[in-house]
Amino acid sequence: MNVKVWRRSILILLTLIPGILIYGEYFPQIEYSYREKIGPGTHYRTATSEEPRWEIRIIEVDTTHPNIRLEPVWADTLKPTSELAEKAEGIAAVNAGYFYQNSSVSYYREDGERKSSNTREEARSVFGLSGNHQEKLMQTRIDNTNEPMDPEWSDYILDAIGGGPQLIKDGEIDVLIDEEGIDEASGIGPDTRQPRTLLGWNADSKKVYLVTVDGRQEGWSVGMYLEEGAKLLKDLGCDQGMNFDGGGSTTAWVDGEVVNEPSDGFERSVKNAWVVVPSLVIDNTDDEFSTEGEWG
(Lines give C-alpha, C1' and ligand atoms only; values in the text may rest on other atoms or scores of the structure.)
Protein backbone atom coordinates (compact mmCIF):
# COMPACT_ATOMS: atom_id res chain seq x y z
CA MET A 1 0.00 0.00 0.00
CA ASN A 2 1.46 3.33 -0.98
CA VAL A 3 1.46 6.34 1.36
CA LYS A 4 -1.49 8.11 -0.31
CA VAL A 5 -3.79 5.05 -0.05
CA TRP A 6 -2.64 4.40 3.55
CA ARG A 7 -3.50 7.94 4.62
CA ARG A 8 -6.90 7.72 2.93
CA SER A 9 -7.62 4.43 4.72
CA ILE A 10 -6.79 6.01 8.08
CA LEU A 11 -9.11 8.95 7.35
CA ILE A 12 -11.97 6.58 6.46
CA LEU A 13 -11.33 4.56 9.64
CA LEU A 14 -11.40 7.68 11.82
CA THR A 15 -14.62 8.83 10.20
CA LEU A 16 -16.27 5.52 11.07
CA ILE A 17 -15.27 5.58 14.74
CA PRO A 18 -17.88 7.54 16.75
CA GLY A 19 -16.55 10.46 18.71
CA ILE A 20 -13.15 10.82 17.06
CA LEU A 21 -13.63 13.02 14.00
CA ILE A 22 -16.04 15.72 12.94
CA TYR A 23 -15.65 17.00 9.41
CA GLY A 24 -16.61 20.64 9.54
CA GLU A 25 -18.08 22.12 6.37
CA TYR A 26 -17.31 25.62 7.60
CA PHE A 27 -14.26 24.97 9.79
CA PRO A 28 -12.45 21.83 8.57
CA GLN A 29 -9.32 22.98 10.41
CA ILE A 30 -10.89 22.47 13.84
CA GLU A 31 -9.61 19.36 15.61
CA TYR A 32 -12.05 17.64 17.97
CA SER A 33 -11.17 15.43 20.90
CA TYR A 34 -12.85 12.11 21.64
CA ARG A 35 -16.42 12.35 23.06
CA GLU A 36 -16.15 11.51 26.74
CA LYS A 37 -19.29 10.23 28.45
CA ILE A 38 -19.81 12.18 31.68
CA GLY A 39 -23.30 11.02 32.61
CA PRO A 40 -26.56 9.57 31.25
CA GLY A 41 -27.01 10.81 27.69
CA THR A 42 -24.29 13.43 28.18
CA HIS A 43 -20.88 13.76 26.50
CA TYR A 44 -18.06 16.29 26.70
CA ARG A 45 -15.33 17.12 24.21
CA THR A 46 -12.88 19.87 23.43
CA ALA A 47 -11.96 21.38 20.08
CA THR A 48 -9.08 23.58 18.91
CA SER A 49 -8.10 25.60 15.89
CA GLU A 50 -4.68 27.01 15.14
CA GLU A 51 -5.88 29.65 12.65
CA PRO A 52 -7.87 31.43 13.92
CA ARG A 53 -6.69 30.44 17.39
CA TRP A 54 -9.72 28.95 19.16
CA GLU A 55 -10.26 26.92 22.32
CA ILE A 56 -13.74 25.41 22.36
CA ARG A 57 -15.63 23.36 24.96
CA ILE A 58 -18.67 21.29 23.94
CA ILE A 59 -21.28 19.66 26.20
CA GLU A 60 -23.69 17.43 24.26
CA VAL A 61 -27.00 16.50 25.93
CA ASP A 62 -29.44 13.91 24.60
CA THR A 63 -32.70 15.31 25.97
CA THR A 64 -34.56 12.09 25.01
CA HIS A 65 -32.63 10.17 27.66
CA PRO A 66 -34.98 9.53 30.62
CA ASN A 67 -32.28 9.99 33.25
CA ILE A 68 -30.97 13.43 32.33
CA ARG A 69 -32.47 16.91 32.42
CA LEU A 70 -31.36 20.30 31.18
CA GLU A 71 -32.41 22.76 33.87
CA PRO A 72 -32.32 26.54 34.28
CA VAL A 73 -30.81 27.56 37.62
CA TRP A 74 -31.38 31.00 39.13
CA ALA A 75 -29.23 33.02 41.53
CA ASP A 76 -30.99 35.46 43.89
CA THR A 77 -27.63 37.19 44.19
CA LEU A 78 -24.90 36.78 41.58
CA LYS A 79 -22.99 33.53 41.87
CA PRO A 80 -20.35 31.73 39.75
CA THR A 81 -21.65 29.16 37.27
CA SER A 82 -19.84 26.46 39.25
CA GLU A 83 -21.87 27.29 42.40
CA LEU A 84 -25.13 27.22 40.46
CA ALA A 85 -24.18 23.83 39.01
CA GLU A 86 -23.25 22.41 42.41
CA LYS A 87 -26.47 23.81 43.91
CA ALA A 88 -28.46 21.81 41.34
CA GLU A 89 -26.23 18.71 41.80
CA GLY A 90 -25.36 18.92 38.12
CA ILE A 91 -22.66 17.24 36.06
CA ALA A 92 -22.13 20.06 33.56
CA ALA A 93 -23.16 23.69 33.05
CA VAL A 94 -22.64 26.91 31.13
CA ASN A 95 -23.57 30.48 32.00
CA ALA A 96 -26.71 31.79 30.30
CA GLY A 97 -28.76 35.03 30.32
CA TYR A 98 -27.66 38.66 30.37
CA PHE A 99 -27.63 40.66 33.60
CA TYR A 100 -26.84 44.14 34.85
CA GLN A 101 -25.50 44.55 38.38
CA ASN A 102 -27.66 42.05 40.34
CA SER A 103 -30.65 42.04 37.97
CA SER A 104 -31.45 39.74 35.07
CA VAL A 105 -32.19 41.60 31.84
CA SER A 106 -33.15 38.44 29.96
CA TYR A 107 -36.29 36.33 30.00
CA TYR A 108 -36.19 33.52 32.57
CA ARG A 109 -38.80 30.84 33.35
CA GLU A 110 -38.49 27.89 35.74
CA ASP A 111 -41.15 25.24 36.43
CA GLY A 112 -43.69 27.44 34.70
CA GLU A 113 -42.89 30.52 36.81
CA ARG A 114 -41.44 33.59 35.11
CA LYS A 115 -38.76 35.29 37.21
CA SER A 116 -37.57 37.92 34.74
CA SER A 117 -38.42 39.43 31.38
CA ASN A 118 -36.45 40.71 28.42
CA THR A 119 -35.84 44.37 29.24
CA ARG A 120 -34.91 45.39 25.71
CA GLU A 121 -37.31 47.08 23.32
CA GLU A 122 -36.45 44.50 20.69
CA ALA A 123 -37.68 40.91 20.92
CA ARG A 124 -34.78 38.63 21.86
CA SER A 125 -34.13 34.94 21.41
CA VAL A 126 -35.13 32.42 24.06
CA PHE A 127 -34.60 28.66 24.32
CA GLY A 128 -37.06 26.57 26.31
CA LEU A 129 -38.14 23.04 27.12
CA SER A 130 -41.49 21.47 27.92
CA GLY A 131 -42.39 19.21 30.81
CA ASN A 132 -43.06 15.49 30.29
CA HIS A 133 -39.38 14.55 30.11
CA GLN A 134 -38.55 17.58 27.94
CA GLU A 135 -40.57 16.18 25.07
CA LYS A 136 -40.66 19.51 23.25
CA LEU A 137 -37.76 21.91 22.58
CA MET A 138 -38.47 25.39 21.24
CA GLN A 139 -36.56 28.48 20.21
CA THR A 140 -38.49 31.70 19.78
CA ARG A 141 -38.15 35.44 20.36
CA ILE A 142 -39.90 37.20 23.24
CA ASP A 143 -40.46 40.93 23.67
CA ASN A 144 -40.48 42.93 26.90
CA THR A 145 -44.19 42.25 27.44
CA ASN A 146 -43.38 38.49 27.48
CA GLU A 147 -45.20 37.88 24.21
CA PRO A 148 -43.57 35.06 22.19
CA MET A 149 -43.36 35.18 18.40
CA ASP A 150 -44.26 31.47 18.36
CA PRO A 151 -47.89 31.10 19.54
CA GLU A 152 -47.27 27.51 20.70
CA TRP A 153 -44.65 28.65 23.21
CA SER A 154 -47.03 29.37 26.08
CA ASP A 155 -48.81 26.02 25.62
CA TYR A 156 -45.70 23.91 26.12
CA ILE A 157 -42.70 25.61 27.70
CA LEU A 158 -42.01 25.32 31.44
CA ASP A 159 -38.28 26.10 31.57
CA ALA A 160 -36.54 28.79 29.50
CA ILE A 161 -33.70 31.30 29.46
CA GLY A 162 -33.28 34.17 27.03
CA GLY A 163 -30.19 35.71 25.51
CA GLY A 164 -29.62 36.74 21.92
CA PRO A 165 -29.17 37.02 19.13
CA GLN A 166 -30.63 34.17 17.13
CA LEU A 167 -27.91 32.43 15.10
CA ILE A 168 -29.68 29.60 13.26
CA LYS A 169 -33.36 29.09 12.47
CA ASP A 170 -34.79 25.99 10.80
CA GLY A 171 -31.44 24.93 9.39
CA GLU A 172 -30.47 28.31 7.97
CA ILE A 173 -27.83 30.64 9.39
CA ASP A 174 -29.75 33.81 10.24
CA VAL A 175 -27.89 36.05 12.70
CA LEU A 176 -30.29 38.73 13.97
CA ILE A 177 -27.83 41.31 15.30
CA ASP A 178 -29.78 44.46 14.44
CA GLU A 179 -33.23 42.94 14.94
CA GLU A 180 -32.38 41.97 18.55
CA GLY A 181 -30.54 45.18 19.42
CA ILE A 182 -27.11 43.61 19.91
CA ASP A 183 -24.49 46.35 20.03
CA GLU A 184 -21.06 47.07 21.50
CA ALA A 185 -22.68 48.16 24.77
CA SER A 186 -23.77 44.55 25.32
CA GLY A 187 -20.17 43.66 26.12
CA ILE A 188 -20.06 40.92 23.49
CA GLY A 189 -19.23 43.11 20.50
CA PRO A 190 -21.09 41.85 17.40
CA ASP A 191 -18.38 43.33 15.17
CA THR A 192 -15.41 41.85 17.02
CA ARG A 193 -14.22 38.40 18.03
CA GLN A 194 -15.26 37.79 21.64
CA PRO A 195 -15.62 34.96 24.15
CA ARG A 196 -18.93 33.26 23.36
CA THR A 197 -21.46 31.03 25.07
CA LEU A 198 -23.69 29.33 22.50
CA LEU A 199 -26.61 26.91 22.54
CA GLY A 200 -27.62 24.87 19.52
CA TRP A 201 -29.90 21.90 19.02
CA ASN A 202 -31.12 19.45 16.46
CA ALA A 203 -34.88 19.14 15.96
CA ASP A 204 -34.72 15.48 14.88
CA SER A 205 -32.33 14.02 17.46
CA LYS A 206 -33.28 16.51 20.22
CA LYS A 207 -29.61 16.79 21.11
CA VAL A 208 -28.63 20.10 22.70
CA TYR A 209 -25.09 21.48 22.42
CA LEU A 210 -23.82 23.86 25.12
CA VAL A 211 -20.70 25.47 23.65
CA THR A 212 -18.14 27.95 24.92
CA VAL A 213 -15.40 29.64 22.92
CA ASP A 214 -12.67 31.41 24.89
CA GLY A 215 -11.54 34.83 23.74
CA ARG A 216 -9.59 38.03 24.45
CA GLN A 217 -6.47 35.90 25.05
CA GLU A 218 -3.87 36.07 22.31
CA GLY A 219 -1.92 32.83 22.07
CA TRP A 220 -4.76 30.91 23.73
CA SER A 221 -8.01 31.86 22.01
CA VAL A 222 -9.14 35.02 20.21
CA GLY A 223 -12.90 34.46 20.35
CA MET A 224 -15.47 34.34 17.56
CA TYR A 225 -17.65 36.66 15.56
CA LEU A 226 -21.35 35.83 15.98
CA GLU A 227 -21.54 34.43 12.45
CA GLU A 228 -18.55 32.18 13.19
CA GLY A 229 -20.45 30.92 16.24
CA ALA A 230 -23.41 30.11 14.01
CA LYS A 231 -21.17 28.19 11.60
CA LEU A 232 -19.61 26.25 14.47
CA LEU A 233 -23.07 25.15 15.64
CA LYS A 234 -23.91 24.10 12.09
CA ASP A 235 -20.73 22.01 11.92
CA LEU A 236 -21.88 20.25 15.11
CA GLY A 237 -25.16 19.31 13.42
CA CYS A 238 -27.47 21.98 14.85
CA ASP A 239 -30.44 23.27 12.87
CA GLN A 240 -31.45 25.79 15.57
CA GLY A 241 -29.14 27.98 17.63
CA MET A 242 -28.67 31.16 19.62
CA ASN A 243 -26.13 33.19 21.54
CA PHE A 244 -26.05 33.74 25.31
CA ASP A 245 -24.07 36.13 27.51
CA GLY A 246 -20.40 36.05 26.57
CA GLY A 247 -17.28 38.06 27.30
CA GLY A 248 -16.01 37.64 30.83
CA SER A 249 -19.14 35.67 31.74
CA THR A 250 -18.36 32.77 29.40
CA THR A 251 -17.89 29.69 31.58
CA ALA A 252 -18.00 25.93 30.99
CA TRP A 253 -18.15 23.67 34.06
CA VAL A 254 -17.83 19.89 33.80
CA ASP A 255 -17.65 17.24 36.50
CA GLY A 256 -16.69 19.58 39.31
CA GLU A 257 -14.34 21.99 37.59
CA VAL A 258 -14.25 24.97 35.25
CA VAL A 259 -12.84 23.56 32.00
CA ASN A 260 -12.40 26.75 29.96
CA GLU A 261 -10.25 29.84 30.58
CA PRO A 262 -12.54 32.79 31.46
CA SER A 263 -11.19 36.02 30.00
CA ASP A 264 -11.25 37.85 33.36
CA GLY A 265 -8.68 35.38 34.67
CA PHE A 266 -11.25 34.07 37.14
CA GLU A 267 -14.84 32.83 37.11
CA ARG A 268 -17.29 35.72 36.95
CA SER A 269 -20.51 35.61 39.00
CA VAL A 270 -23.69 35.48 36.90
CA LYS A 271 -27.46 35.54 37.32
CA ASN A 272 -28.40 32.15 35.85
CA ALA A 273 -27.07 29.09 34.07
CA TRP A 274 -28.08 26.03 32.06
CA VAL A 275 -27.22 22.96 34.16
CA VAL A 276 -27.22 19.30 33.11
CA VAL A 277 -28.74 17.31 35.98
CA PRO A 278 -28.94 13.50 36.21
CA SER A 279 -32.22 12.08 37.49
CA LEU A 280 -33.87 8.71 38.03
CA VAL A 281 -37.22 8.19 36.32
CA ILE A 282 -39.59 5.57 37.76
CA ASP A 283 -42.45 4.58 35.47
CA ASN A 284 -45.50 4.03 37.65
CA THR A 285 -47.41 2.58 34.67
CA ASP A 286 -45.03 -0.39 34.49
CA ASP A 287 -46.61 -3.75 35.46
CA GLU A 288 -43.76 -4.45 37.88
CA PHE A 289 -44.19 -1.12 39.70
CA SER A 290 -45.53 -1.29 43.27
CA THR A 291 -45.66 1.05 46.24
CA GLU A 292 -45.96 0.90 50.00
CA GLY A 293 -47.62 3.68 51.98
CA GLU A 294 -48.68 6.93 50.35
CA TRP A 295 -47.62 7.66 46.77
CA GLY A 296 -47.56 11.16 45.30
Side-chain angles (χ1 to χ4, degrees), residues 26 56-61 63 70-72 93-99 104-109 116-120 122-130 134 136-144 146 148-150 152-153 156-157 159-183 186-190 194-203 206-213 223-247 249-252 270-276:
Y26 290 103
I56 303 163
R57 305 294 179 258
I58 304 161
I59 301 162
E60 177 188 324
V61 186
T63 61
L70 183 57
E71 296 186 358
V94 296
N95 68 293
Y98 295 107
F99 62 95
S104 169
V105 297
S106 294
Y107 184 91
Y108 182 97
R109 186 178 182 91
S116 67
S117 177
N118 166 32
T119 63
R120 295 285 303 200
E122 302 87 353
R124 281 200 168 178
S125 291
V126 181
F127 172 75
L129 309 102
S130 70
Q134 304 184 322
K136 196 168 188 69
L137 285 64
M138 294 183 73
Q139 178 179 302
T140 190
R141 294 168 64 209
I142 288 184
D143 64 22
N144 57 14
N146 305 302
M149 299 185 80
D150 188 327
E152 289 189 325
W153 176 273
Y156 293 102
I157 300 304
D159 297 325
I161 307 180
Q166 170 188 294
L167 301 177
I168 307 170
K169 186 68 173 178
D170 299 332
E172 300 296 326
I173 290 178
D174 189 13
V175 183
L176 302 183
I177 293 174
D178 295 333
E179 295 88 339
E180 297 197 23
I182 304 297
D183 53 32
S186 68
I188 57 164
Q194 299 287 347
R196 304 288 178 187
T197 298
L198 314 169
L199 184 149
W201 55 284
N202 183 282
K206 293 188 177 178
K207 286 185 178 179
V208 174
Y209 296 83
L210 307 172
V211 180
T212 66
V213 184
M224 283 188 171
Y225 295 111
L226 287 168
E227 185 160 342
E228 288 174 328
K231 290 177 177 178
L232 173 62
L233 292 179
K234 283 283 287 182
D235 276 355
L236 291 173
C238 301
D239 51 29
Q240 316 288 331
M242 60 175 287
N243 182 71
F244 280 96
D245 189 13
S249 298
T250 289
T251 306
V270 296
K271 193 63 180 175
N272 50 59
W274 282 113
V275 182
V276 184

Notebook entry, point to check: Can any side-chain N or O of Tyr98 pair as donor or acceptor with the backbone N or O of Gly164 at less than 3.5 Å?
Noted result: yes
Check: Is a donor on one side and an acceptor on the other found under 3.5 Å between the side chain of Tyr108 and the backbone of Pro72?
Finding: yes
Next item on the list: Would you please test Asp150 and Tyr156 for side-chain contact (heavy atoms from CB on, under 4.5 Å) and show each step?
Entry: CA-CA 11 Å; Asp150 188 327; Tyr156 293 102; over 6 Å; no
Please find the pair of heavy atoms, one from [X] and one from [Y], that lie closest to each other, and give the distance.
X      : Y      : answer
Ala96  : Phe244 : O-CB, 3.4 Å
Ile177 : Pro190 : CG2-CB, 3.7 Å
Ser106 : Ser116 : O-OG, 2.6 Å
Pro165 : Val175 : CG-CG1, 4.4 Å
Ala160 : Trp153 : CB-CZ2, 3.5 Å
Ile157 : Ser130 : CD1-N, 3.9 Å

Are the side chains of [Y] and [X] in contact, using a 4.5 Å heavy-atom criterion?
X      : Y      : answer
Arg196 : Leu226 : yes
Val126 : Asn118 : no
Asp239 : Asn202 : yes
Trp201 : Gln139 : yes
Arg124 : Ile182 : yes
Val213 : Thr250 : no

Working to the nearest 0.5 angstrom, can you tell me the gap between [X] [atom1] and [Y] [atom2]?
X      : Y      : atom1 : atom2 : answer
Lys271 : Phe99  : NZ    : CZ    : 9.5 Å
Ile161 : Trp274 : CD1   : CH2   : 4.5 Å
Glu71  : Gln134 : CD    : CD    : 7.5 Å
Lys206 : Leu129 : NZ    : CG    : 10.0 Å
Arg57  : Thr251 : CZ    : OG1   : 12.5 Å
Gln240 : Asp174 : CD    : CG    : 11.0 Å

Next item on the list: For side-chain contact (heavy atoms from CB on, under 4.5 Å), just list the numbers for Ser125 and Leu176, CA-CA rounded to whole Å, side-chain angles, deciding distance to a tenth of an Å, and then say yes or no.
Entry: CA-CA 9 Å; Ser125 291; Leu176 302 183; 5.6 Å; no
Note to self: Taking the basic N atoms (NZ, or NE/NH1/NH2) and the acidic carboxylate oxygens, is any pair closer than 4.0 Å for Glu180 and Arg141?
What the structure shows: yes
Next item on the list: Could you walk me through whether Phe127 and Leu137 pass the side-chain contact (heavy atoms from CB on, under 4.5 Å) test, one step at a time?
Entry: CA-CA 8 Å; Phe127 172 75; Leu137 285 64; 4.0 Å; yes
Next item on the list: Verify whether one side chain among Thr197 and Asn95 offers a donor that lies under 3.5 Å from an acceptor in the other.
Entry: yes
Check: Using a distance-only test with no angle check, is there a side-chain donor-acceptor pair under 3.5 angstrom linking Asn146 and Ser117?
Finding: yes
